[in-house]
Novice: 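Let me give you the structure first, and then I'll get to my questions.
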Amino acid sequence: MSLDPKQHADWEIAQDAETRMKSIYQLGEELGLEKNELLPYGHVMGKIDYRSVLNRLEDKPNCKYVDVTAITPTPLGEGKSTTTIGLVQGLGRRGKRSSAAIRQPSGGPTMGVKGSAAGGGLSQCIPLTQYSLGFTGDINAVANAHNLAMVALTSRMQHERNYTDEKLLKLSGMPRLNIDPTNVNMGWVMDFCCQSLRNIIIGIDGVNGQRDGFMMRSRFDIAVSSEVMAILAVAKDLKDMRERMGRIIVAYDRQGNTVTTADLEVDGAMTAWMVEAINPNLIQTIEGQPVFVHAGPFANIAIGQSSVIADRIGLKLSEYHVTESGFGADIGFEKFWNLKCHYSGLTPDAAVIVATVRALKSHGGAPVPVPGRPLPEEYRTENIGFVEAGMCNLAQHIRTVRASGVSPVVCINAFVSDTPAEIKRIREMCEEAGARVAVSQHWEKGGEGALELADAVIDACEEKTEFKPLYSWDMPFTERIELVAKQVYGADGVDYSAEASRKLSTIQKRDDAKDLGLCMVKTHLSLSDDPSVKGAPKGWRLKIRDVLIYGGAGFVVPVAGSISLMPGTGSNPSFRRVDVDTETGRVKGIF
């Protein structure tokens, strides 16, 4: 018997469930893995030898493929990961062999406000502590590979400065790259949210000597925003990863030419750090279904998807494979639709849009809830007017999913504060918008509470899919951006800063422009580029202030708004409540 989520914290429920969890060997056997394909990390989690599995099952047809996305969330989140786990549990209760693919949590949000995104209540993945704190070391491998590139860059700059004699430089075996210290593309990374490291100066004593590096401005980003993490998400195999690793643009020379990891001769060593990380991780839901955890890029500042490799494995081993895309359909699903599916060649059968009464009220005019503070009264009492007014946001996401050719299923993720009248009105409005709708109580009841959702997804997967991309990669980037802005965000058009226009023009002239995907950077808290604007705004234009290029991942990255690659830690972070029971060694307080 599981603990009651209304009376116990998520970490308490997880630790109770962990006393009954399957061993990694039992989980692998039930999944259909052969003994040599399972790489155990202890008794209850492990990695999967992706190459062996995909080679063995190459000719086996793929199962049903479902993406989970959401309404534009409040700062509290609307339970997308919880719904992903709940759906897999519900499908299991219907006798379907089901699996999930989710991203690995970053230490920044885990120790900040958002938590580890392991799900919640009776729809979680376990073991919670290991999953939340380092896991099998993939993010550490990403950070080491990324920082090695910065080591190669900064040491090269120092030695080129010191070896003014070209003969000495030639003897060192290094061709002069003439790196421009004012035009460095990368910073360092760490897996925490630390606003104090957004802008730094390194090599301070190097200005007066030759031993302490090259003095220049630099920065730290969060590890999951690294291009190495994006490569882990989209690479189809180790060979593909190795090739992509050599195309990462680290800096530019004084003539404006790119300086890549291959130019620095560090790409092979970077890939060496990733040899184990390319194998997906395997854990389980509270009810024992398999969960693949692989890659962890943010969605508002990166691609926001678990790996292509994890999905390819899940589609061979299950009857229904459920993957999750970060944040709302304007960000996560759009990138799943036009980026991930392009790289993978996979076609989804259905998409779940997670909605809550809370989010609809927020978009309908209720005060925006603030993490760490009590919910305003408007969220604790019935108000159908707010719900109806906020439906415009959900309707836009329904239209986005429909534009892909995929059948949308709206999941009303039920909270204990919701009233029957509010739920009834949402159901009516979703049906009027032409979407299947299901109410799910998976947080409170686990798989049993997700049966209506499971049935709706099974039904949607039987509908014929005419999946099609929003744009052709042959299109100029300005046309692609315009389509996303107008059709997905609801903007009237796009405005560019002078710097963004200049960079786009340069990128468009590249020989490989048609091979580069579009990865938009925008706030997740609004359909617009202003996080304070709720609902489905009209009469606005998307403002692109900068354009980045990820040569290895193959992304052109237009940046709208003031998004930072290094999030900050707030005044009431989660680490204040995390501790260890010194008698048992168990970690408490993680959620």
Novice: State, yes or no, whether a side-chain contact exists between K509 and L504 at a heavy-atom distance under 4.5 Å.
Specialist: no
Novice: Would the distance check show the side chain of Q195 and the main-chain N or O of T569 forming a donor-acceptor pair, the cut-off being under 3.5 Å?
Specialist: yes
Novice: Going by heavy atoms in the side chains, are L483 and V488 under 4.5 Å from each other?
Specialist: no
Novice: Give me the one residue out of D529, D330, D530 that meets side-chain hydrogen bond (donor to acceptor under 3.5 Å, both in side chains) with K522.
Specialist: D330
Novice: Just by distance, do the side chain of E160 and the backbone of L177 share a donor-acceptor pair under 3.5 Å?
Specialist: yes
Novice: Check the pair S526 / S528 against side-chain hydrogen bond (donor to acceptor under 3.5 Å, both in side chains), numbers first and verdict last.
Specialist: CA-CA 5 Å; S526 173; S528 76; 2.8 Å; yes
Novice: Any luck finding a side-chain donor-acceptor pair between E482 and T478 under 3.5 Å?
Specialist: no
Novice: Any side-chain heavy atom of V547 sitting closer than 4.5 Å to one from V559?
Specialist: no
Novice: Quick check against the 3.5 Å criterion: does D579 have a side-chain atom that pairs as donor or acceptor with the backbone of V587?
Specialist: no
Novice: If you look at every heavy atom in Y50 and I309, which pair is closest and at what distance?
Specialist: CB-CG2, 3.6 Å
Novice: Salt bridge (Lys or Arg N to Asp or Glu O under 4.0 Å) with D67: which residues, sequence neighbours excluded?
Specialist: none
Novice: Would the distance check show the side chain of S306 and the main-chain N or O of R103 forming a donor-acceptor pair, the cut-off being under 3.5 Å?
Specialist: no
Novice: What's the verdict on side-chain hydrogen bond (donor to acceptor under 3.5 Å, both in side chains) for Q158 and T154, showing C-alpha distance, side-chain angles and the deciding distance?
Specialist: CA-CA 6 Å; Q158 176 189 357; T154 53; over 6 Å; no
Novice: If we only count heavy atoms from C-beta on, is the I102 to Y131 side-chain gap below 4.5 Å?
Specialist: yes
Novice: Would you confirm whether S505, through its side chain, and R502, through its main-chain N or O, come within 3.5 Å as a donor-acceptor pair?
Specialist: no
Novice: Provide the full list of salt bridge (Lys or Arg N to Asp or Glu O under 4.0 Å) pairs with a residue in residues 179-200, sequence neighbours left out, each pair given once.
Specialist: none
Novice: Using side-chain heavy atoms (C-beta onward) and a distance below 4.5 Å, is L232 in contact with H294?
Specialist: yes
